[in-house]
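Data block below; observations after.
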Number of protein chains: 2
Amino acid sequence: MTLGWEEIRAEVLRRIRVRDWPPGALIPGEEALAEEFGVARATVNRALTALAEAGVIERKKRAGTRVAALPVRRARLEIPVIRLDVLGRGLAYDFRLMADRQVPAPVPVAARLGLPEGQPMRYLETLHLAGGLPFVLETRWLNPAVLPDPPPDFAAVSANEWLVTHVSLVSGDIAFTAEPATPREAEVMGVAPGTPLLVAERTTQGMAGPVTLVRLAHAPGHRVVMTF
Amino acid sequence: MTLGWEEIRAEVLRRIRVRDWPPGALIPGEEALAEEFGVARATVNRALTALAEAGVIERKKRAGTRVAALPVRRARLEIPVIRLDVLGRGLAYDFRLMADRQVPAPVPVAARLGLPEGQPMRYLETLHLAGGLPFVLETRWLNPAVLPDPPPDFAAVSANEWLVTHVSLVSGDIAFTAEPATPREAEVMGVAPGTPLLVAERTTQGMAGPVTLVRLAHAPGHRVVMTF
DNA sequence: CCGGCTAATATGTCTAGACATAATTCAAGT
DNA sequence: ACTTGAATTATGTCTAGACATATTAGCCGG
């Protein structure tokens with residue numbers, strides 16, 4: 001039986017786990033491991049590269065490879081389109097466009113996106129429903145420069161989904177916070193004002209500049225789950 | 001100038017972004033791309049493998065490579081040890097061990113970890129401080145089977161940090177929720193009961209079974225930030 | 001028309017060898 | 001002592017070719 005790179009990764013990981021190679025220790029070079037396992041150096045390299053990406057080891061040219069002393073655990077969050085998220089929970093999906101206006105960007109919004117203050121923006125408020133009940137209230141500021149002419153009908157396709165399929169998003173970030181429901185959120189979602197809501201705030205940048213700032217206020221009890 | 005795999009990845013990504021290759025479309029095979037870019041197939045493979053890991057494309061043997069129709073955006077969360085998280089914010093770190101008891105596992109805890117009900121467990125309550133102010137209240141159930149004899153002094157090293165460096169964690173998950181501060185949390189953290197708190201609940205499994213279930217209640221206003 | 005076998009094909013992985021690059025060590029030279 | 005530069009070394013990447021594996025398309029017999 002001949003070894004593949006995944007088996008080598010597993011074996012190296014095992015030795016780290018049983019503290020054969022304790023945190024901070026230097027592990028043998030690729031050449032030595034290749035000989036030990038009877039494979040080409042490239043195969044060892046593939047395995048170690050994968051472990052480095054996972055944060056288990058740290059590699060430096062000339063200095064060699066060492067076991068990460070304080071392994072940074074990385075969790076991956078897959079952010080699906082809201083519709084698929086709901087369907088994935090076995091619930092019926094629907095949404096309602098609650099507001100759609102052209103408004104000058106308020107200062108905090110403009111600042112977050114790096115746009116001039118007062119720049120006209122599309123403001124959208126969409127309530128996503130799961131099984132007929134409020135699931136997420138989406139409050140979105142959209143840079144109209146990214147929209148085609150004529151603009152899409154966000155009452156037919158949710159802005160969430162239209163953007164994913166029609167705009168090339170380059171980078172962005174998400175921040176999760178716990179916030180008391182605003183009066184508006186309380187009213188729309190049918191909860192008491194001040195109820196703790198899990199809020200995700202996302203900004204995204206496209207190729208041609210800032211695209212959107214969106215606040216997703218999740219219904220009480222919502223859990224965002226990640227595995228590592 | 002000769003092309004490397006990162007440049008090929010960038011070029012393929014560019015073509016996807018400008019919709020040269022729209023979502024759902026089949027892109028040329030590795031052989032064809034290799035010829036076009038004047039590199040070996042392995043180099044193209046390296047580039048495409050990276051894009052597939054990022055969720056931009058989907059690859060299947062025989063069927064070829066196609067642009068992901070609904071690109072699932074993946075965000076990565078790096079979970080540092082709390083001490084480093086605080087120091088990284090430029091604040092002084094300290095912690096206080098508020099409780100340390102041996103208690104039979106309550107049903108929900110035992111169930112979440114897959115341990116028999118009533119199993120004796122170590123219960124730890126640690127308040128982490130940033131700049132002298134409450135930062136996180138850590139409520140931890142720890143499987144004593146993973147502890148050495150004699151057990152470490154969690155008043156000297158926080159359980160959070162001791163576990164990372166001394167126990168090989170194999171897998172686990174994190175869930176974020178927004179919850180009203182319990183009376184205990186309100187008292188310890190100096191906030192009004194019911195204040196929305198961002199709560200992270202983590203379970204981790206080691207090689208020799210379940211390790212710990214921990215609830216991290218973050219001070220109001222805490223943001224968990226991820227980039228993608 | 002359908003089920004199953006077979007051949008074709010694109011990706012997945014491996015090898016052996018080469019050169020590139022970064023980082024460290026150590027020897028000069030000022 | 002301090003700086004500069006060259007040799008060394010481990011990882012990073014690339015090549016050309018090979019075989020492995022999954023999946024599909026098509027053929028063929030019932």
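Being a predicted model, the structure only gives us computed values, none of them experimental. Order of the sequence lines fixes the chain letters, A, B, ..., with proteins taken first and strands second; residue numbering starts at 1 for each chain.
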Open item on the list: Given the structure, check if the side chain of B:Arg41 and the base of C:dG12 hold any donor-acceptor pair shorter than 3.5 Å.
Closed with: yes

TODO: Using only heavy-atom distances, decide whether a donor-acceptor pair under 3.5 angstrom links the side-chain of B:Arg62 to the base of C:dA8.
DONE: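 It does, because a donor-acceptor pair links the side chain of B:Arg62 to the base of C:dA8 below 3.5 Å.
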
Within this structure, what is the [atom1]-to-[atom2] distance between [X] and [N], rounded to whole angstrom?
| X | N | atom1 | atom2 | result |
| --- | --- | --- | --- | --- |
| B:Leu26 | D:dT23 | CG | C1' | 14 Å |
| B:Arg46 | C:dT11 | CZ | C1' | 16 Å |
| B:Glu58 | C:dA10 | CD | C1' | 16 Å |
| B:Arg66 | C:dA10 | CZ | C1' | 12 Å |
| A:Glu7 | C:dG12 | CD | C1' | 14 Å |
| B:Glu53 | C:dT11 | CD | C1' | 15 Å |
| B:Phe37 | D:dT15 | CZ | C1' | 17 Å |
| A:Glu35 | C:dC14 | CD | P | 19 Å |

So if I take every side-chain heavy atom of [X] and compare against [options], which nucleotide ends up nearest?
| X | options | result |
| --- | --- | --- |
| B:Thr43 | D:dG12, C:dC14, D:dT15 | D:dT15 |
| B:Val39 | D:dT15, C:dG12, C:dT15 | D:dT15 |
| A:Lys61 | C:dT13, D:dG12, C:dG12 | D:dG12 |
| A:Trp5 | D:dT13, C:dT13, C:dG12 | C:dT13 |
| A:Glu6 | D:dT11, C:dT13, D:dT8 | C:dT13 |

- [ ] For the residue pair A:Arg223 and B:Thr177, confirm or rule out a side-chain donor-acceptor distance under 3.5 Å.
- [x]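 Checked: A:Arg223/B:Thr177 side chains show no N/O donor-acceptor pair below 3.5 Å.
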
Open item on the list: Has A:Arg66 got a side-chain atom pairing as donor or acceptor with A:Gly24's backbone, closer than 3.5 angstrom?
Closed with: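 Flag set: sc A:Arg66 to bb A:Gly24 pair under 3.5 Å.
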
Open item on the list: Donor-acceptor pair, distance only, cut-off 3.5 Å: does the side chain of B:Glu35 make one with the backbone of B:Ala32?
Closed with: no

Below 4.0 angstrom from OP1 or OP2 of [N], is there any side-chain N or O of [X]?
| X | N | answer |
| --- | --- | --- |
| B:Arg59 | C:dG12 | yes |
| A:Lys60 | C:dT24 | yes |
| B:Asn45 | C:dG12 | yes |
| A:Thr65 | D:dA10 | no |

Task: Over 12 non-hydrogen atoms of neighbours within 6.0 angstrom of CZ in B:Arg96 - done: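 No, the 6.0 Å shell around CZ holds no more than 12 heavy atoms from other groups.
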
TODO: Tell me what A:Ala63 touches on the nucleic acid: a base, only sugar-phosphate, or nothing, going by heavy atoms under 4.0 Å.
DONE: nothing

Task: Verdict with reasoning, B:His128 to B:Asp85, per side-chain contact (heavy atoms from CB on, under 4.5 Å) - done: CA-CA 11 Å; B:His128 299 265; B:Asp85 190 0; over 6 Å; no

